[in-house]
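What you see below is based on every heavy atom in this structure, not just the backbone, and it leaves out hydrogens, waters and symmetry mates.
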Amino acid sequence: MDIGVISVRYARALLKAATEAKLDDTICQEMALMAKSFVEVPQLRQAIDNPMLSKEKKQELLATAAGGNVSDLTLSFIKLVLKEQRESVVQFMANSYVTLYRKQKNIIRGKLTTAVAVSPETERKMRQMVENRTKGTVEFETEVNPDIIGGFILEYDTYRLDASVQSQLRNVLLQLKK
C-alpha cells in the first residue's frame, strides 16, 4: 500500500478523534513537533526503523519527539501505530495531520521576503491583506534576502507576487536580449 494513502488515513482518523475530543489544537502542536523532530534529528528515523528496538522504547522515543508529556490521545495513537507496525510512516502521518488540520481550520501559510527587515506594522498589513483575500487565518513568515535588492516577494497558498527589483531587472535584461 502507498505511504501517502496510509499516512492520510491514519491522520484523518486522528483528526476526527481529536476534533470529537476537542483536542485538535493540542494534537496539531504535538504532531507538528513530532514532524519537526524527524527533520532536526535524523537519528530518530534510524531508531524508529530499527527492528531490534522494543516497541516500548519506540513509544517512548515518539512521545518525546512529540513533546514529552503528550496527551492521552497522542499516546493512544502512537500505541496503535506501533501495534499495526506502521512506525516507518509515522513522520508522514504527523505531516498529514498538520496539513489536514490547517485545511479544516482554513489556515493558510504565507511568506513575505524582503531585502531588508520590515516593521511589524508592514508585516501586519500584509498578513491582513492575505487574510482578506483568502477569507482564512494566515500563518505568516518573514524572511530577509538581500539578493532581491529591493521590493518584496509575497507567497501564500499557490499564489506568488514577485515585486522585487531583482525580477524587474531580470525582465529588462530579457527584453534587451530579444
Can you give me the closest heavy-atom contact between [X] and [Y], atom names plus distance?
X      : Y      : answer
Asp162 : Arg160 : OD2-NH2, 3.6 Å
Ala65  : Leu44  : CB-CD2, 3.7 Å
Val8   : Ser96  : CG2-OG, 3.9 Å
Leu73  : Ala17  : CD2-C, 3.9 Å
Met34  : Ala94  : SD-CB, 4.2 Å
Val70  : Gly67  : CG1-N, 4.3 Å

Taking the side chain as every heavy atom from C-beta outward, state whether [X] and [Y] have any pair of such atoms under 4.5 Å apart.
X      : Y      : value
Thr137 : Lys105 : no
Leu61  : Ile48  : yes
Val39  : Gln91  : yes

Next item on the list: Give a yes or no on whether the backbone of Ser88 and the side-chain of Arg45 come within a donor-acceptor separation of less than 3.5 Å.
Entry: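 A pair under 3.5 Å: yes.
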Checklist line | Test side-chain contact (heavy atoms from CB on, under 4.5 Å) applied to Met126 and Val130, step by step | finding: CA-CA 6 Å; Met126 294 298 266; Val130 173; 5.7 Å; no
Common cluster, [X]/[Y], ILVMFWY with side-chain heavy-atom separation under 4.5 Å:
X      : Y      : value
Ile3   : Leu80  : yes
Val89  : Val41  : yes
Ile107 : Leu100 : yes
Val81  : Val98  : yes
Leu33  : Val90  : no

Rounded to the nearest 0.5 Å, how far does [atom2] of [Y] lie from [atom1] of [X]?
X      : Y      : atom1 : atom2 : result
Arg127 : Leu154 : CZ    : CG    : 11.5 Å
Asn95  : Met31  : CG    : CE    : 10.5 Å
Ile153 : Ser167 : CD1   : OG    : 6.5 Å
Leu62  : Leu82  : CG    : CG    : 6.0 Å
Arg102 : Arg109 : CZ    : CZ    : 4.5 Å
Leu161 : Leu112 : CG    : CG    : 10.0 Å

Counting only heavy atoms not in [X] (residues, nucleotides, ligands), do more than 12 fall under 6.0 Å from its [atom1]?
X      : atom1 : answer
Gln85  : CD    : no
Asn69  : CG    : no
Lys55  : NZ    : yes
Asn132 : CG    : yes

Margin query: Show me the pairs that pass side chain to side chain donor-acceptor pair (under 3.5 Å) and involve residues 57-67, at least two apart or across chains.
Written below: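 Passing the test, one end in residues 57-67: Lys58-Glu87.
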Checklist line | Reference residue Lys111; test side-chain hydrogen bond (donor to acceptor under 3.5 Å, both in side chains); the match among Glu139, Glu143, Glu141, Glu155 | finding: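 With Lys111 as partner, side-chain hydrogen bond (donor to acceptor under 3.5 Å, both in side chains) holds for just one option, Glu143.
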Note to self: If the test is side-chain hydrogen bond (donor to acceptor under 3.5 Å, both in side chains), which one of Asp24, Thr19, Asp25 qualifies with Tyr101?
What the structure shows: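 The residue from Asp24, Thr19, Asp25 that satisfies side-chain hydrogen bond (donor to acceptor under 3.5 Å, both in side chains) with Tyr101 turns out to be Asp25.
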Next item on the list: Could you go through the side-chain contact (heavy atoms from CB on, under 4.5 Å) check for Met93 and Leu14 one step at a time?
Entry: CA-CA 9 Å; Met93 292 175 193; Leu14 179 60; over 6 Å; no
Check: Taking it one step at a time, do Phe77 and Tyr10 satisfy side-chain contact (heavy atoms from CB on, under 4.5 Å)?
Finding: CA-CA 9 Å; Phe77 177 72; Tyr10 275 78; 4.0 Å; yes
Notebook entry, point to check: So which residues get pulled into Val144's cluster when ILVMFWY side chains under 4.5 Å apart are joined, directly or through others?
Noted result: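 Via sub-4.5 Å side-chain contacts, Val144 links to none.
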Next item on the list: Give the ring-plane orientation class for Tyr159 versus Tyr156, where under 30° counts as parallel, over 60° as perpendicular and anything between as tilted.
Entry: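 Rings of Tyr159 and Tyr156: tilted, 30 to 60°.
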Checklist line | Evaluation steps, side-chain contact (heavy atoms from CB on, under 4.5 Å), between Arg124 and Gln128 | finding: CA-CA 6 Å; Arg124 186 189 62 75; Gln128 193 171 24; 3.2 Å; yes
